[in-house]
Amino acid sequence: MGFHIINIENGRLKHDFVVSFEELSYIDFITENSVIYQGEEHWKPFKISESEKYCHFAKGWYRTGIRAQELFKDQAMAFGLILEELNQDQKSFISYTRNAKKLSIKRGDFLVRNYANIEVDVKCRGFRRYNGEICFDFKCEDADKHFNMQTFTKTPVLIAVYENVNSKPRDTDVYFFSINDLKNSQLETHHRSDVGECYRIPLSFTTKGFGFIEETFAKHTGVREKSYTLEEKRINHPNAYLKWTEQDDEKLEILYCEGKTIRELSEHFGRNNGAIRSRIDKLELKEKYDS
């Protein structure tokens, strides 16, 4: 253990480490605005803008996307899906790029292990009305890369979309469409200055709910899996999809202030982790008590 000393000078992070309290007196760049914390020497700080791994967390769209993925994991588990999270680092990706030859490919976020390894990419998008229909955008370039991946792996690729509401994924509904259906469609495209050419996808083109994964599995394999009823889903989460009452909200706030974990809250309220997180967000408990 020792002491890390941090300054920001001319927009760049300046860092040093000393083992003892007394050695701090030899660090000449310490000022009233310096940050000092105790830790192991290898617990080195970094500036977000200078970190390839963490720089995207400074962008709201990226944080919203991660929250959508976490919500998807919780809801998929409640539905009975077994997910394998796909690493997006270059080391994990190299075996694909090496064998895909010259194809430009893109991996999704998850494989659904108990449904023939169907690949799912999770998105959180702003919904807008266009010509009387609620629509969202999806990059044409990403559609092409997903299609190439599907061609390469011989496994269906699905896109799961949550509505982005105030930089948070709406937890009530998730919408699915397949890359295959998209590439075979006649949906119009339009150009956006920030991301390029995009499909404008109406909600009527999508299918709401996790049942779409079962449908895709049946088409892909010719085997139809058992559908789970709401009653069956409530075996693990008795209050799944029930409306939150005022008393529930008051109790959630009390337990949150007591420091209960998401898992403990999930067990108490009989709801999945995603439902608990979403309710905490809706009640703005983090803003009220964690700031």
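Numbers for residues simply follow the sequence, beginning at 1. Values reported hereafter were calculated over all heavy atoms of this structure, with side chains retained and with hydrogens, waters and symmetry mates removed. Remember, it's a predicted structure, so these values are computed and weren't measured experimentally.
- Smallest separation of non-hydrogen atoms from Gln69 and Phe110: O-CZ, 3.9 Å.
- The two residues Ile30 and Leu24 come nearest to each other via the heavy atoms CD1-O, 3.6 Å.
- Pairs engaging residues 24-45 under the ring-ring contact (aromatic ring centres under 6.0 Å, His included) rule: His4-Tyr37 [sequence neighbours left out].
- For Tyr54, the side chain to side chain contact (heavy atoms under 4.5 Å, CB included) partners are Phe46, Ile48, Ser51, Phe57, not counting sequence neighbours.
- In this structure a side-chain-to-backbone donor-acceptor pair under 3.5 Å is present from Arg271 to Asn239.
- Listed for the Glu264 side chain is no donor-acceptor partner under 3.5 Å among the backbone atoms of Leu255.
- With sequence neighbours left out, the ring-ring contact (aromatic ring centres under 6.0 Å, His included) criterion links Tyr256 to no other residue.
- Scanning both residues, Phe79 and Gly211, for their nearest heavy atoms gives CZ-N, 4.0 Å.
- If you take CD on Glu267 and CD1 on Ile276, they are separated by 10.5 Å, rounding to the nearest 0.5 Å.
- Exactly one residue among His146, Lys145, Lys106 makes a side-chain contact (heavy atoms from CB on, under 4.5 Å) with Ile179. That residue is His146.
- Scanning all heavy atoms of the two residues, the minimum distance from Trp244 to Ala275 falls at CZ2-O, 4.1 Å.
- Listed for the Glu163 side chain is no donor-acceptor partner under 3.5 Å among the backbone atoms of Arg170.
- Looking at residues two or more places apart in sequence or on another chain, you find a side chain to side chain contact (heavy atoms under 4.5 Å, CB included) between Ser20 and Glu22, Glu23.
- Here Ile254 is tied to no hydrophobic group at all, with no ILVMFWY side chain closer than 4.5 Å.
- Remark: side-chain polar atoms of Thr216 are paired, donor with acceptor, to backbone N or O of Phe212 under 3.5 angstrom.
- Every residue meeting the ring-ring contact (aromatic ring centres under 6.0 Å, His included) condition with Phe177, not counting sequence neighbours, appears here in chain and number order: Phe138.
- The side-chain heavy atoms of Asp142 and Ile159, taken from C-beta on, include no pair separated by under 4.5 Å.
- Listed for the Asn148 side chain is a donor-acceptor partner under 3.5 Å among the backbone atoms of Ser104.
- A distance-only check finds a donor-acceptor pair linking the side chain of Thr64 to the backbone of Ser167 [under 3.5 Å].
- Listed by chain and residue number, Thr153 satisfy the side chain to side chain contact (heavy atoms under 4.5 Å, CB included) test with Thr155 (two or more places apart in sequence, or in another chain).
- Side-chain atoms of Arg125 come within 3.5 Å of backbone N or O of Asp137 as a donor-acceptor pair.
- With rounding to the nearest 0.5 Å, the separation of OG1 in Thr151 from CG in Asn180 is 8.0 Å.
- Judged by distance alone, the side chain of Lys44 and the main-chain N or O of Glu41 form no donor-acceptor pair under 3.5 Å.
- For Ile82, the side chain to side chain contact (heavy atoms under 4.5 Å, CB included) partners two or more places apart in sequence, or in a different chain, are Arg113, Asn114.
- The closest donor-acceptor contact from the side chain of Glu119 to the backbone of Gly108 lies under 3.5 Å.
- Of the inter-residue distances, the one linking Leu81 atom CG with Ile213 atom CD1 reads 5.0 Å to the nearest 0.5 angstrom.
- The shortest non-hydrogen separation linking Tyr162 to Pro169 is CB-CB, 4.0 Å.
- Side-chain heavy-atom separations under 4.5 angstrom define the hydrophobic clusters, and the remaining members of the one that includes Phe17 are Val19.
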Apply side chain to side chain donor-acceptor pair (under 3.5 Å) to residues Ser204 and Glu133 and explain how you reach the verdict. CA-CA 8 Å; Ser204 59; Glu133 283 202 83; 2.7 Å; yes
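- The ring-ring contact (aromatic ring centres under 6.0 Å, His included) search around Tyr199 returns none, not counting sequence neighbours.
- Among pairs with a residue in residues 62-79, those fulfilling salt bridge (Lys or Arg N to Asp or Glu O under 4.0 Å) read Arg67-Asp281, Glu70-Lys73, Lys73-Glu85, Asp74-Arg277, at least two apart in sequence or across chains.
- Between the CD atom of Glu253 and the CD atom of Glu250 there is a distance of 8.0 Å, given to the nearest 0.5 Å.
- In this structure, CG on Asp16 lies 10.0 Å from CG on Asp28, to the nearest 0.5 angstrom.
- Shown here for Leu83 and Ala76, the closest heavy-atom pair between the two residues is CD1-CB, 3.7 Å.
- Here the OG1 atom belonging to Thr189 is positioned 14.0 Å from the NZ atom belonging to Lys139, to the nearest 0.5 angstrom.
- The salt bridge (Lys or Arg N to Asp or Glu O under 4.0 Å) analysis of residues 173-189, with sequence neighbours excluded, yields the pairs Asp144-Lys183, Asp173-Lys208, Glu188-Arg200.
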